[in-house]
Amino acid sequence: MTTPPALELLNVTKTYGNVAALRDITLAVRKGEFITILGPSGSGKSTLLKIIGGFEEPDKGEVRINGQVINNTPPFKRPTSMVFQDLALFPHLNVFENIAYGLKVRKFPRDEIRRRVKWAAELLHIEKLIDRRITQLSGGQQQRVALARSLVLEPEVLLLDEPLGPLDLKLRREMQIELRRVQRSLKATWVYVTHDHEEAMTMSDRVAILNEGRLLAVGDIKTIYEKPCSRFVAEFLGEANFFEARVTQVAEGKTLLDTGSMLLLAPSKPGLREGEIIQVMIRPEKIKLAKREEPINRSKGKVLDLTYKGAFVDVKFETEHGYVMLARFTSTESINIGDTIEVAWSAEDVIILRCR
Amino acid sequence: MSKIKLMLAGFTATVITLLIYFPIAVVVVFSFNEGIYFLLPLKGFTTKWYEEVLSNMEFFESIVNSMIVAAMTTSGALLVGVPAAFSFVRLRRNTPFVGFVLLPFLVPWLVIGVISLVFFRTLGLQLSLLTVSLSHIIYSIPLVILIVAARVLSLNPNYEKASMDLGADRMRTFINVTLPLTYPAIAVAALITFIWSFDNFIITFFTIGTEQTFPIWLWGSLRHPTQVPVITAASSLIIIIGSVVVYLLESYRIRKGIGITLLE
């Protein structure tokens, strides 16, 4: 018998009045995995976290931890712990008392409490702050205390609800790396919620993309980024060029597509029928400066705009086929506004957006 | 800009001093005046009015009675008002009940005094310090609700959620988190109720039996012109004791670092 996943959601559905917050969510999280629930605000990601933490009841479906259904277990009896968006550190307690809170209410012996708080404080480098009041801490220090307060309980699943939101960019990056370090060293199961795809990319083993209460994609971020199955997922994770095209021919694992003015060759997908209209995507960094003789997967255009981004430069150009496309080249290329450029891309970089 | 602010602050301080503290100072000064009339020029320094007050049993009894009434009123008002404040906020609904409970706040004290008297008489209750407290409680409950509910309302609900998430059930969460975070408001409500009840004359006047509270004793003494200097001495004593209490509370507040914001 295989061990059950650390966390399992089965057909979880939740509605508020007439609004569906979550629709039929099924997701399994392995023990020791760092999974990020990624979605725009209002996508239902916080609701999902609240359901796992026990603050909301699902209308339908099951929540299981280590194979055990915990639907009707109140939050104070669940082996989960939550780091809140606003941290919710107790302002009337100092750092030590905050971290020790969960252990105290669980009646741990005094020595054990001291030992565990010390362990958590060392893990998060806050030993020196242990006697401070919460109001005397900086934003980053408060994050660490909130994390320590949950970690001392050694939860089966740690839930993090966009805790890095209020930090400035530099501190955010630092904390992202710090969180990853702590999670790896503990081999703990973490569910992290954010709307920031870069944050998700930095930290997670796997990403689950949520929109309007639906789980659109689950997997490692590289696969989802490179081969998204819907326009929403593609756009949410980065910039892309989208085309509507008619399937003109399917043969030998390849598909020939016609956008009306441009021909595209793409890897085929099962179930494609000749004559149907589909959506395709090409990521800007897959477009290369190149001349190609045959009139497929190539274009020529006039540069409209340049955006310098350090190591690379974003080039917006209007093609002879009547599209405005975005390409991303290394900054060493010398291109000016008004130049005519010739571009091409490989067939495997033309992604057909279809989920089934 | 800061100059204008400074001038405004100075102006406010002057007005407050003149309006509030000058009349009080006059009373204190006259309590040491040898003459029995409230007239200038002062006749000479004496402490005999204080000696007279301190040997007056009625004065002490009235103070003790006022303390008893204030203590009973405060406990009663907190006992009803604090849970009511919590349920108001937890219901999170604008029910007509809110206005209904706050109504006594708008009823003139005289009216509360008269209806209380009629009510107690109808019930056949013997007028006593207890009836005084009951009539005070009617007025104090809305006060407690207003102060405490404002604090509970501004309390971040995530504190309680975090407590439960960390393993504390509802009861422990209330004791460990909710109560400590609400207690400054409860303390303020208790203090205001106590002082208000201690000082109240109008409602007390209607609902008291044969005993005297401090304001009632003061009012009774006023009818004897020779007693006026004794009253100034008694009033001064109360003012001095009050100042000491305020000083102790304020230094405690500052030492504990409890901000004004906690008292809202």
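Residue numbering restarts at 1 for every chain, and letters A, B, ... go by the order of the sequence lines.
Under the 4.0 Å criterion applied to side-chain N and carboxylate O atoms, A:Glu56 and A:Lys14 are assigned as salt-bridge partners. A salt bridge is defined here as a Lys NZ or Arg NE, NH1 or NH2 lying under 4.0 Å from an Asp or Glu carboxylate O, and A:Glu178 with A:Arg144 meets this definition.
When every heavy atom of B:Asn65 is checked against every heavy atom of B:Glu211, the shortest pair comes out as ND2-CB, 3.6 Å.
With hydrogens and angles left out, the side-chain atoms of A:Glu199 and A:Thr194 include a donor and acceptor closer than 3.5 Å. No side-chain donor-acceptor contact under 3.5 Å links A:Ser41 and A:His195. Between B:Ser116 and B:Ser135, the side chains place no donor N or O within less than 3.5 Å of an acceptor N or O (distance only, hydrogens not considered).
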Next on the checklist: Let's go through A:Lys50 and A:Asp161 carefully: what are the C-alpha distance in whole Å and the side-chain angles of both, what is the deciding distance for salt bridge (Lys or Arg N to Asp or Glu O under 4.0 Å) to 0.1 Å, and is it a yes or a no?
Outcome noted: CA-CA 9 Å; A:Lys50 281 181 195 150; A:Asp161 189 4; over 6 Å; no
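Counting only distance, with no hydrogens or angles, the side chain of B:Ser75 and the backbone of B:Ala71 share a donor-acceptor pair below 3.5 Å. For the pair A:Lys45 (side chain) and A:Val193 (backbone), a donor-acceptor distance under 3.5 Å is absent. Side-chain atoms of A:Gln183 come within 3.5 Å of backbone atoms of A:Ala188 as a donor-acceptor pair (strictly under, hydrogens ignored). When atom types are taken as modelled, the side chain of A:His92 and the backbone of B:Asn176 share a donor-acceptor pair closer than 3.5 angstrom. Counting only distance, with no hydrogens or angles, the side chain of A:Thr36 and the backbone of A:Ser204 share no donor-acceptor pair below 3.5 Å.
Within residues 58-73 of chain A, no residue has a heavy atom under 4.5 Å from a heavy atom of chain B. By a heavy-atom distance cut of under 4.5 Å, A:Met82, A:Phe84, A:Asp86, A:Ala88, A:Leu89 are the residues of residues 82-89 of chain A near chain B, going up by number. When the heavy atoms of residues 98-111 of chain A are compared with those of chain B, the residues falling under 4.5 Å are A:Tyr101, A:Gly102, A:Val105, A:Arg106, A:Lys107, listed by number. Inspection of non-hydrogen atoms places A:Pro75, A:Phe76, A:Thr80, A:Ser81 of residues 74-81 of chain A under 4.5 Å from chain B.
Rounding to the nearest 0.5 Å places CG of A:Asn11 at 12.5 Å from CG of A:Leu22. To the nearest 0.5 Å, the span separating CD1 on B:Ile208 from CG on B:Leu129 amounts to 5.5 Å.
Checking A:Thr26, A:Leu48, A:Leu210 one by one against A:Leu215, the side chain to side chain contact (heavy atoms under 4.5 Å, CB included) holds for a single residue, A:Leu210.
With a 4.5 angstrom heavy-atom cutoff, B:Asn156 touches chain A only via side-chain atoms.
Taking the six-membered ring for Trp, B:Trp196 and B:Tyr139 have ring centres closer than 6.0 Å.
Side-chain contact between A:Val207 and A:Ile37 is absent, with no heavy-atom pair separated by less than 4.5 Å.
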